[in-house]
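None of these values were measured; they are calculated from a predicted model. Below, chain A is the first sequence line, B the second, and so on; all start at residue 1.
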Amino acid sequence: MRFSLPVPPSFSLPAVIRSHGWVQLAPYDSQDPYHAFAYVDRLANGRVVAYEVQPAAEGVQVTTETMLSEEERAELAHKLAWMLNLERDLEPFYTFARQEPKLAHVVEKGEGRILRSPTLFEDTVKTILTTNTSWGGTRRMVSALVDLYGEPVGEDPAPRAFPTAQALAAADAASLRDEAKLGYRAPYVSELARRVARGDLELEAYKTADLPTGELRKELLAIKGVGAYAAANLLMLLGRTDAIPIDSYALKVVSNEFHDGQPVTPADVTAAFERFGEWQGMAFWFWSYGEET
DNA sequence: GGTAGACCTGGACGC
DNA sequence: GCGTCCAGGTCTACC
C-alpha cells in the first residue's frame with residue numbers, strides 16, 4: 001500500500017538523507033543513494049513493517065507491502081514526521097544563513113533538517129556506537145545488533161527492525177560484547193537498555209522536554225557511555241541547535257577552516273561559531289568547509 | 001578541576 | 001602471515 005505525507009515548502013528529502021551518516025546504519029537502507037531510503041520499524045502493536053520513502057509531488061510517498069490499519073498508518077506517519085524533522089520551522093535559521101556565504105547553500109538546497117531514528121533509544125545506542133571507533137566499526141556494530149536482536153518482518157531472517165530496549169536488556173552482556181562485537185561499550189548499551197526497559201529512564205520524554213539545553217545536557221551526560229561529544233550529538237538530534245558535537249573530525253575541519261591547520265581545542269571550535277548564538281550547532285554542521293565562496 | 005591510563009577493534013604499515 | 005602502532009571518546013583513579 002502507498003500513502004503520502006505533506007511536507008513544509010522548504011523540505012528536501014535528499015537533503016535530509018544527506019544530513020549525516022544515519023542512513024548508512026541498519027535498519028536504514030538506501031539503494032538509491034541519498035534520494036530515497038528504506039527502513040524497518042516495529043509498531044506499538046508488535047507488527048514489524050518494512051517500507052520505503054521517496055520524494056513525491058505532494059510531499060513524500062511511503063510504500064510498504066504490508067496492509068496497514070488506519071491506526072498503524074497514523075503511527076507510521078507520526079514517526080516519520082519525527083524522523084524527517086517535518087515539524088521544524090527553519091525560517092529563523094535561513095534568515096541567518098542568507099547573510100553568511102558559507103551557509104547560503106542551506107537555503108538553496110533546503111538543508112537544515114537532520115535524519116533521526118523513530119526513538120531516542122535507537123539514536124542513543126547508535127551514538128554510543130560512534131564513539132572511539134571508525135565509521136566502519138559503527139556500521140558493523142549496529143548491523144550486528146539488528147541481526148542478532150532485531151525482530152524480522154516475516155518468516156525470512158531479514159530485514160529486521162532495530163532491537164527494542166527490552167530485547168537488548170534481555171541480551172546476555174557477554175553476547176553483546178563478543179558476538180555483537182561492542183567491546184567495552186557492551187555494558188553501556190546493556191545498562192541503558194535495562195534502565196529504559198524498566199522505565200527508570202524515560203528517554204523518549206526528552207523529545208518534548210521543556211528543559212534548557214544545559215539541563216538536558218546534564219541529563220544525557222548521566223547516561224553511562226555518553227560523554228561530551230555524544231551528549232552534543234544527541235542534543236543536535238533533539239533539535240537543540242545551540243549544541244556543537246565536537247569530535248576529532250570537528251577539531252580537524254575547524255583547524256583547517258579557521259586556524260591554518262594548527263592544532264585547536266574544543267574551546268576553539270565553540271569560539272568559531274559562537275556568533276551564531278542559538279543556531280551555532282546548525283552553523284557548524286552545515287558549514288561549507290574548505291570551499292571558496 | 002585537570003590529567004593519565006585503560007578500554008576494544010580494525011586498518012595501516014613494516015618485516 | 002604476523003606483529004606493532006595508531007585512531008577513535010569515555011570512564012575512572014589519582015593528584
Find the distance between CG (A:L238) and CG (A:L120) and round it off to the nearest 0.5 Å.
5.0 Å

Rounded distance in Å - CG (A:L182) to P (B:dG10)
12 Å

What is the distance, to the nearest angstrom, from the CG atom on A:L129 to the C1' atom on B:dC7?
15 Å

Could you check how far CG of A:D178 sits from P of B:dT9, rounded to whole Å?
8 Å

A:R139 CZ to B:dG10 P: how many Å, rounded?
15 Å

Residue met sooner reading DNA chain C from 5', once A:S248 and A:K224 are mapped to nucleotides:
A:S248

Same cluster for A:M83 and A:V40 if Ile/Leu/Val/Met/Phe/Trp/Tyr side chains link at under 4.5 Å?
no

Could you check whether A:S134 gets within reach of a base, just the sugar-phosphate, or nothing at all, counting any heavy atom under 4.0 Å?
nothing

Nearest-angstrom distance from the residue atom CG of A:N132 to C1' of B:dG5:
13 Å

Take A:W287 and A:F273 through the test ring-ring contact (aromatic ring centres under 6.0 Å, His included) and record every step on the way to the result.
CA-CA 10 Å; A:W287 195 260; A:F273 294 96; 5.4 Å; yes

Tell me what A:G225 touches on the nucleic acid: a base, only sugar-phosphate, or nothing, going by heavy atoms under 4.0 Å.
sugar-phosphate

Identify whether any heavy atom of A:I223 sits under 4.0 Å from a base atom; if not, whether one sits that close to sugar-phosphate; answer base, sugar-phosphate or nothing.
sugar-phosphate

What is the distance, to the nearest angstrom, from the CZ atom on A:R140 to the P atom on B:dG10?
5 Å

Checking ring pair (Phe, Tyr, Trp, His ring centres under 6.0 Å) between A:Y28 and each of A:Y39, A:W22, A:Y51, which is the one that passes?
A:Y39

Using a 4.0 Å cut-off to any heavy atom of chain A, which nucleotides of DNA chain C are the first and last in contact, reading 5' to 3'?
C:dG8 to C:dT12

Under the 3.5 angstrom rule, does the side chain of A:R217 hit a backbone N or O of A:L235 as a donor-acceptor pair?
no

Should A:L216 and A:R240 count as side-chain neighbours, where that means a heavy-atom distance under 4.5 Å?
yes

Do A:F162 and A:Y206 share a hydrophobic cluster (ILVMFWY, side-chain heavy atoms under 4.5 Å, transitive)?
yes

Could you check how far NZ of A:K181 sits from P of B:dG11, rounded to whole Å?
13 Å

